[in-house]
Protein chains: 2
Amino acid sequence: MQDPMKLDDLICFAVYTASHALNRVYKPLLDTLGLTYPQYLAMVALWEQDGQTVGGLGEKLFLESSTLTPLLKRLESAGYIRRERSSEDERVVVIRLSEEGSRLKEKAIGIPGCIVEASGRDAANLTRLQAEIVALREALNKSGTHG
Amino acid sequence: MQDPMKLDDLICFAVYTASHALNRVYKPLLDTLGLTYPQYLAMVALWEQDGQTVGGLGEKLFLESSTLTPLLKRLESAGYIRRERSSEDERVVVIRLSEEGSRLKEKAIGIPGCIVEASGRDAANLTRLQAEIVALREALNKSGTHG
DNA sequence: TCGACATATATCGCGCGATAAATAATCGGA
DNA sequence: TCCGATTATTTATCGCGCGATATATGTCGA
């Protein structure tokens with residue numbers, strides 16, 4: 001039997017380094033928008049559906065509110081979003097895109113295409129891989145909650 | 001044509017969240033070893049081949065010396081490694097496992113199996129996915145160096 | 001042998017991300 | 001009305017990751 005502890009055979013190492021590689025491709029693109037990678041993902045979530053709550057965003061992005069709150073504050077001080085307490089339920093904070101935040105989507109619209117190109121694969125191939133990675137994520141998340 | 005800006009369709013989002021999911025599975029396991037995730041990967045690289053240089057490790061792990069040096073210093077102060085300047089070339093720093101660092105492998109040996117189990121897949125399936133993710137990483141890295 | 005350039009690592013500064021734990025405010029039901 | 005649950009914020013801590021720069025050493029050629 002082979003050594004189970006080979007770096008290049010670890011799925012975690014593959015994902016870890018792929019994540020960095022993606023980050024490096026994204027960085028120059030996101031720099032022009034003044035966004036970090038997680039901030040970009042939060043903006044994508046908001047472009048998709050404006051007016052989400054902090055908790056709702058956290059569920060989508062798999063982030064805790066203690067991570068999200070400072071991140072959202074940075075987006076607010078950058079002028080891309082507003083944070084408003086809901087009048088119906090004062091515990092809840094609703095995130096709304098500002099004009100500038102909405103407009104930013106136009107500048108970002110080409111980014112996913114750049115990534116597809118950099119991946120050197122066609123869209124269908126990438127979609128299939130993406131679905132497999134999501135399945136892995138789901139299995140891992142499930143294993144955590146079960147014990 | 002569909003909106004290219006859907007969160008759940010972005011490969012980057014899949015990788016980003018899968019990386020987090022992995023991290024959460026690893027965390028309790030690594031806590032018992034006193035290692036962080038990147039530190040664990042550095043140790044795996046060293047268990048595989050002791051006596052590597054800082055630069056060599058950086059190439060394997062895709063990390064700059066400005067990231068690696070502090071990380072290795074933390075491993076050194078934890079007592080897992082030693083950092084020794086090469087006598088042949090005084091510019092080079094060679095990393096060697098301490099006794100304790102070598103022994104740590106025994107405590108870590110079960111971890112990859114835990115991850116496989118948490119993934120809910122058989123080893124062959126996981127190996128195939130892992131290879132695909134590596135291929136993605138390689139393509140992305142290549143795209144960066146080419147321009 | 002000297003000087004210019006290359007290489008290997010370290011240092012510094014920066015900001016962010018992530019977590020845990022404590023706090024506060026609010027909601028809703030018994 | 002009170003108590004547990006929910007939602008978000010705050011605080012403190014830590015490490016990662018990068019770019020730019022510094023330092024020391026090595027190398028090669030004139």
Side-chain angles (χ1 to χ4, degrees), chain A residues 12-13 15-28 30-31 34-43 52-59 61-78 81-95 144, chain B residues 12-13 16-17 19-28 30-31 33-43 52-78 81-95 144:
Chain A
C12 70
F13 180 62
V15 172
Y16 171 80
T17 53
S19 182
H20 284 183
L22 275 166
N23 227 319
R24 284 169 198 139
V25 175
Y26 269 103
K27 180 118 192 3
L30 295 182
D31 279 351
L35 295 176
T36 67
Y37 194 71
Q39 287 168 11
Y40 166 71
L41 295 174
M43 291 299 290
Q52 294 186 74
T53 67
V54 172
L57 277 171
E59 263 185 61
L61 300 170
F62 301 92
L63 295 176
E64 304 297 317
S65 73
S66 50
T67 299
L68 219 36
T69 294
L71 186 155
L72 293 171
K73 283 190 172 181
R74 285 187 281 272
L75 286 178
E76 185 180 40
S77 60
I81 63 166
R82 289 191 305 276
R83 296 159 60 245
E84 303 167 355
R85 238 162 235 287
S86 163
S87 51
E88 300 152 18
D89 184 340
E90 296 262 340
R91 294 170 302 181
V92 169
V93 169
V94 174
I95 309 298
Chain B
C12 72
F13 180 62
Y16 173 78
T17 53
S19 183
H20 284 183
L22 275 166
N23 229 317
R24 282 171 199 136
V25 175
Y26 268 103
K27 182 126 194 352
L30 294 182
D31 279 351
L33 308 183
L35 295 175
T36 67
Y37 194 70
Q39 286 169 10
Y40 166 72
L41 294 174
M43 291 299 290
Q52 294 185 75
T53 67
V54 172
L57 278 171
E59 264 185 60
K60 273 200 184 169
L61 300 169
F62 301 93
L63 294 176
E64 305 296 317
S65 76
S66 50
T67 300
L68 216 37
T69 295
L71 185 153
L72 292 171
K73 284 190 172 181
R74 283 186 283 271
L75 286 178
E76 185 181 40
S77 60
I81 64 167
R82 289 190 305 276
R83 296 158 60 243
E84 303 168 355
R85 237 162 235 288
S86 162
S87 51
E88 301 152 15
D89 185 341
E90 296 263 338
R91 293 170 304 180
V92 169
V93 169
V94 174
I95 308 298

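The sequence lines fix the lettering, A, B, ..., with proteins before strands; numbering per chain opens at 1.
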| task | Name all residues meeting the ring-ring contact (aromatic ring centres under 6.0 Å, His included) criterion together with A:Y40; count only those two or more places apart in sequence or in a different chain, and write none if there are none. | result | A:Y26
| task | Starting from Watson-Crick (N1-N3 plus N6-O4 or O6-N4) and G-U wobble pairs under 3.5 Å, report the runs of at least three that DNA chain D belongs to. | result | C:1-30 with D:1-30
| Stepwise side chain to side chain contact (heavy atoms under 4.5 Å, CB included) test for B:L41 and B:K60 | CA-CA 10 Å; B:L41 294 174; B:K60 273 200 184 169; over 6 Å; no
| message | Assuming nearest nucleotide by heavy-atom distance, tell me which of A:T53 and A:K27 is located more 5' along DNA chain D. | response | A:T53
| task | Using side-chain hydrogen bond (donor to acceptor under 3.5 Å, both in side chains) as the criterion, list what pairs up with B:R91, not counting sequence neighbours. | result | B:D89
Indicate every side-chain donor-acceptor pair of residues 67-77 of chain A with a distance under 3.5 Å to a residue at least two apart or in another chain.
{"residue": "A:T69", "atom": "OG1", "partner": "A:S65", "partner atom": "O", "Å": "2.9"}
{"residue": "A:E76", "atom": "OE1", "partner": "A:R83", "partner atom": "NH1", "Å": "3.1"}
{"residue": "A:E76", "atom": "OE2", "partner": "A:R83", "partner atom": "N", "Å": "3.4"}
{"residue": "A:S77", "atom": "OG", "partner": "A:K73", "partner atom": "O", "Å": "3.3"}
{"residue": "A:S77", "atom": "OG", "partner": "A:R74", "partner atom": "O", "Å": "3.2"}

| Check: A:Y37 side chain, A:L22 main-chain N or O, donor-acceptor pair, under 3.5 Å | no
| Using a heavy-atom distance cut-off of less than 4.0 Å, which residues of residues 61-78 of chain A contact DNA chain D? | A:S65, A:S66, A:T69, A:K73
| For chain B, the stretch of DNA chain D it reaches, first to last nucleotide, under 4.0 Å of its heavy atoms | D:dG15 to D:dG26
| request: Please report the shortest heavy-atom distance between B:V94 and B:S86, naming the atom on each side. | output: CG2-CB, 4.1 Å
| query | Given that B:D89 and B:Y16 both sit by DNA chain C, which one's nearest nucleotide is further toward the 5' end? | reply | B:D89
| request: Determine, stepwise, if the pair B:L61 / A:F13 fulfils side chain to side chain contact (heavy atoms under 4.5 Å, CB included). | output: CA-CA 9 Å; B:L61 300 169; A:F13 180 62; 3.9 Å; yes
| query | Given atom CZ of B:R85 and atom P of C:dT7, what is their separation to the nearest angstrom? | reply | 18 Å
| request: Check whether more than 12 heavy atoms from other residues, nucleotides or ligands sit under 6.0 Å from atom CD of B:E64, and answer yes or no. | output: no
| Heavy atoms from other residues, nucleotides or ligands near CD of A:E59 exceed 12 (cutoff 6.0 Å) | no
| task | Show your working on side chain to side chain contact (heavy atoms under 4.5 Å, CB included) between B:L63 and A:H20 and close with a plain yes or no. | result | CA-CA 9 Å; B:L63 294 176; A:H20 284 183; 4.1 Å; yes
| query | Given that A:S87 and A:T36 both sit by DNA chain C, which one's nearest nucleotide is further toward the 5' end? | reply | A:T36
| Rounding to a whole Å, what distance do you find between B:E88:CD and C:dA8:P? | 14 Å
| field | Residues B:I95, B:V54; criterion side chain to side chain contact (heavy atoms under 4.5 Å, CB included); working and verdict | value | CA-CA 7 Å; B:I95 308 298; B:V54 172; 4.1 Å; yes
